[in-house]
Each structure stands twice: as structure tokens, then as C-alpha cells.
Amino acid sequence: MVKIAVLGFGTVGSGVVEVIRTNSESISRKAGKKIDIKYILDIRDFPDSPERHLLTKNIDDILNDDEVSIVVEVMGGLDPAYTFTKRALLAGKHVVTSNKELVATHGAELLGIAKEKNINYLFEASVGGGIPIIRPLNQCLAANEITEIEGILNGTTNYILTQMIKKGKTFQNALQDAQEKGYAERNPAADVEGHDACRKIAILSSLTFGCHIDSNKIHTEGITKISLEDVEYAEAMSSVIKLLGFSKKIGDKIIARVSPMIISKEHPLAGVEDVFNAILVKGNAIGDVMFYGRGAGKLPTASAVVADIIDIVKNIDRNSRMIWSTCEEEVLIDIGETTSSYFVRVKTDNKPAVMELITKVLGDCNFISIQNPKTQDEVAFVTPEKKEKELQTALNDINNHSFVNTVYSVIRVKNE
Ligand code: HSE
């Protein structure tokens, strides 16, 4: 029998308890031992819950109990999750988590403690919800040099964009739906501003490149500025808009970013809809491999958490050697030095002059128009490939002309 404690009885925590109760027999069979939930920590009371006899508000009940060998941290946020996790690891207890913010911020330190103590800090559920991605990267694809990772890493924003694309829903209505379905973070700004996807691409990058990629330094844009007109322009280009996390190794440096991208409908990530996530990995032996599944929600996330618990029970006496160190030097390439094509809209009352200016400043652009009265006073186009810093200089130049009212909706376009 292995005794565990669950920290946090919210969406994921209650899902973990439910999965362990529902699949108890098959889980015990696969783990080789029965898994028993001894405590659930939460500051709230749950008087009607059948689990209320397990509830405690005091972390010391758990940390001082030698019978508890695995702590499941599904509280989210940095504080007090960081302190509780560190104390649990230092007390020699394995920790499993779905907390991407904590892993992205303190992963190197917490993995270091786990290694030192010969225990495990596992976080399969922190990226891609129920999709297996951490373990495949660490084990099944271990023979490869991973050169590139690109993915839809946030279920809430993918749900919102899908609703905008398929149903013409406004951003606000679609966000409210996602919140009601339990996909969104406590503060949905973390979803819609791209921070959640940024933490996930930071974790994947750190894991594959072997040193801690600071999520605060990754260029991050969300989807709050994407309008239904942008969606319509993308449709006119036989494309869709997706929020993509991207990480690519170039020599001993890395490009990493999160941003909306216009991608062709032919691209494998274009058909990934609703709350689904997908992660496309390029390895130097395997080529392209794609992981797809439910990226958010109670039971999918719990499924990944419980899989980590089972893994620990099977390997209770050893560290899984999943580790990344602190980077010795800055490995992130400055976003201004990276290259892309861009979709741009310019408001003007003199379209011919703007088109001439754009061609002069940016080279041969592909002009696009849609049949929407809201766009009749604008010029929209896709630029050739440019460095980001060159694009910014060109757009500032364009903006300085009297016949240009505003330059807006700058969205990267994926060409391959
Ligand atoms: N808010 C996150 C999402 C939850 O929408 O993907 C899963 O990490």
C-alpha cells in the first residue's frame, strides 16, 4: 500500500481523487500496489463531499506523516505551492504536479532537490493536459536530438479561436464558455495573454535543451487583439489563426516565442480545434511526430497526474533522471533577430498611395481584400520574410506618413 496526499481540491484535485476511486482496481494492478489517499489539503470546507474525512488545512499533518510517500500538488500558482513542494521534497517525499507556473519558474531547483534525495518530481500534466508529452520526450524520443517543437498548448485560447472561426462568436462570449467548462485558469488573462502557453513552451524547451529557459524572457503575445475581421482575412488566405508556442534550436542558441500565427489549412496543427492541444516535435532520427489530445479539463489532466503517481509507485526507490540545469549563458535569440512573414492591416483614406509606399518600404507584398464593409478603408497585405526588427522599422516609417491612419493587426504568417 502506498499512501498519498493531494494538495488542492479544485478542478484537478477532485479529478485526481475521482480517477483513483473509479479506476482503483486497474491502477493498483498497473502500479503493483494499492494507492490510498490519506489526506486532501485545502483551505476551503467541503461539508457535502464524501471525502471530507480526509480534509486538512495544515500542511504539517502531511509533511510530518512518514506514511505519506507521494505528495500531489495540484493547487496551482507559485505561493504556497513552491514552499509546500520544496518542503515535501526535502522531507523525502516524491511530488507529482500539474502546476506549470511552478515547474517553469522553479523546475531546475526542484528537480535538483529530487535528484539529490533520490526521489522524483514529475509533471506530465503541466503541459498538454492529458496528452503524454513529457515522458515521450524524456524516454521514447531520448535517442533523438530534438531540433524543434511547435504546438497548440492552451485549450482555452484554442477553444476561443475555434468558436470565432467556426461560429463567428465574439471573443468575450467564447471566453465565458471556456470558463464555464473549467478550461480557463483562475485568472483567464494567463490564457488569453499567452502566459500559460509560454510556461508550457518554457518547460518543453528546458527539457529538450537541457537547461532552464526563463519563461519571463520568452517573447509572448496573446489573442486579445485578434478580431473577427482578422479571422476573415485568414479564411481568404485558406488559412486559420492559431496561438502557437514555438521553440527551435539553432546551433547552441534557441528561438522561443508564443504568438498568434496564420497557418495554412493544410498544416497539421490547423485542424486541431476546441479544447484540443497538439504538439509537433522534430527529432533528428524520427523526423516529425505529433501528440494530440485534450489539453485542459478535470479528468484529462487528472489522467496525466495519476499516470505519474503510478510511475513513481513502480519506481519508488529511484530518481527518474529527468533534470535540467541552470543555463550558463543567455541561450535565447533576441526576437528582433528572428525572421517571419507578417500579415498587416493599415487604415487609410488613400489606398493607392499606401500600396505604393508599402511596396517601396517592404518589397513585394501580397495584398488581400475581403467583402466586409468594416474593412473598406484599409489595406491588408502579407510581407515577404523579414527580420522582426526590420519590420518594426518599416512599420514605423509607414506610420509616419500623413495618409496612413493606423497600422494594426500584425500577425506572423507561417510559410511552410
Ligand atoms: N488553462 C489551461 C488551458 C489549462 O486552457 O490550456 C490547462 O493547462
Side-chain angles (χ1 to χ4, degrees), residues 8 10-16 19 72-78 81 96-105 107 122-135 149-164 169 171-207 215 218 220-224 226 241-246 258-260 269 272-279 291-308:
T11 307
V12 182
S14 58
V16 168
V19 169
V72 181
E73 185 273 298
V74 281
M75 315 172 73
L78 286 183
V96 168
T97 190
S98 58
N99 187 337
K100 49 253 156 154
E101 190 176 359
L102 184 56
V103 179
T105 311
L122 299 188
F123 43 88
E124 181 61 69
S126 65
V127 181
I131 308 172
I133 178 67
I134 305 289
R135 193 165 289 102
I149 298 178
E150 180 167 50
I152 295 173
L153 298 169
N154 182 271
T156 301
T157 45
N158 203 40
Y159 181 84
I160 293 172
L161 290 171
T162 306
Q163 295 290 311
M164 289 172 79
K169 273 200 187 175
F171 174 86
Q172 274 309 333
N173 286 348
L175 171 59
Q176 202 179 331
D177 273 8
Q179 284 176 295
E180 281 162 11
K181 291 190 157 79
Y183 304 150
E185 296 300 299
R186 261 180 299 186
N187 175 3
D191 295 297
V192 298
E193 300 290 358
H195 305 307
D196 179 73
C198 168
R199 287 165 193 145
K200 292 168 179 168
I201 199 71
I203 294 171
L204 296 179
S205 305
S206 303
L207 196 65
S215 57
I218 295 180
T220 301
E221 294 167 34
I223 62 162
T224 50
I226 304 294
I241 303 177
K242 293 285 179 193
L243 183 71
L244 298 189
F246 178 74
V258 171
S259 72
L269 294 172
V272 177
E273 295 181 342
D274 292 319
V275 73
F276 283 87
N277 283 192
I279 303 146
F291 299 86
Y292 170 83
R294 288 191 178 273
K298 176 173 164 168
L299 295 180
T301 310
S303 149
V305 171
V306 176
D308 275 348

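Whatever order the structure lists them in is the order used to number ligands and atoms, beginning at 1. Residues: numbered from 1 along the sequence shown.
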Exercise for the section: Using distance alone, with no hydrogens and no angle criterion, decide if T97 and E73 have a side-chain donor and acceptor under 3.5 Å apart. Expected result: yes
Practice task
For D191, take its heavy atoms, then give the atoms of ligand 1 lying under 4.0 Å from any of them.
Solution key: 1 (N), 2 (C), 3 (C), 5 (O)
Practice task
Using a 4.0 Å heavy-atom cut-off, say whether D196 meets ligand 1 through its side chain, its backbone, both or neither.
Solution key: side chain
Handout entry: Ligand-side contact atoms (ligand 1) for residue partner A296, heavy atom cut-off under 4.0 Å
Key = 3 (C), 4 (C), 5 (O), 6 (O), 7 (C)
Exercise for the section: Specify whether Y159 and Y183 have parallel, tilted or perpendicular ring planes, treating 30° as the upper limit for parallel and 60° as the lower limit for perpendicular. Expected result: perpendicular
Problem - All pairs passing ring-ring contact (aromatic ring centres under 6.0 Å, His included) where residues 187-206 contributes a residue, at least two apart - result: none
Exercise for the section: Could you pull out all residues at least two apart from F291 that satisfy ring pair (Phe, Tyr, Trp, His ring centres under 6.0 Å)? Expected result: none
Handout entry: Rounded distance (nearest 0.5 Å) linking atom CG of N277 with atom OH of Y292
Key = 10.0 Å
Fill in the blank from the handout: among protein heavy atoms, the one nearest atom 1 (N) of ligand 1 is E185 OE2, 2.6 Å
Problem - Candidate with minimal heavy-atom separation from atom 5 (O) of ligand 1, of N99, T301, T156 - result: T156
Problem - ligand 1 contacted by G295 (non-hydrogen, < 4.0 Å) - result: yes
Exercise for the section: Could you tell me whether Y183 and ligand 1 have an N or O pair separated by under 3.5 Å? Expected result: yes
Handout entry: For atom 6 (O) of ligand 1, the protein heavy atom that lies nearest, with its residue and separation
Key = G155 N, 2.7 Å
Handout entry: NZ/NE/NH1/NH2 to OD/OE distance under 4.0 Å, K100 and E185
Key = yes
Practice task
Identify, for atom 8 (O) of ligand 1, the protein heavy atom at the shortest distance, and state residue, atom and that distance.
Solution key: K100 NZ, 2.5 Å
Exercise for the section: To the nearest 0.5 Å, tell me how far T157 OG1 sits from I241 CD1. Expected result: 12.5 Å
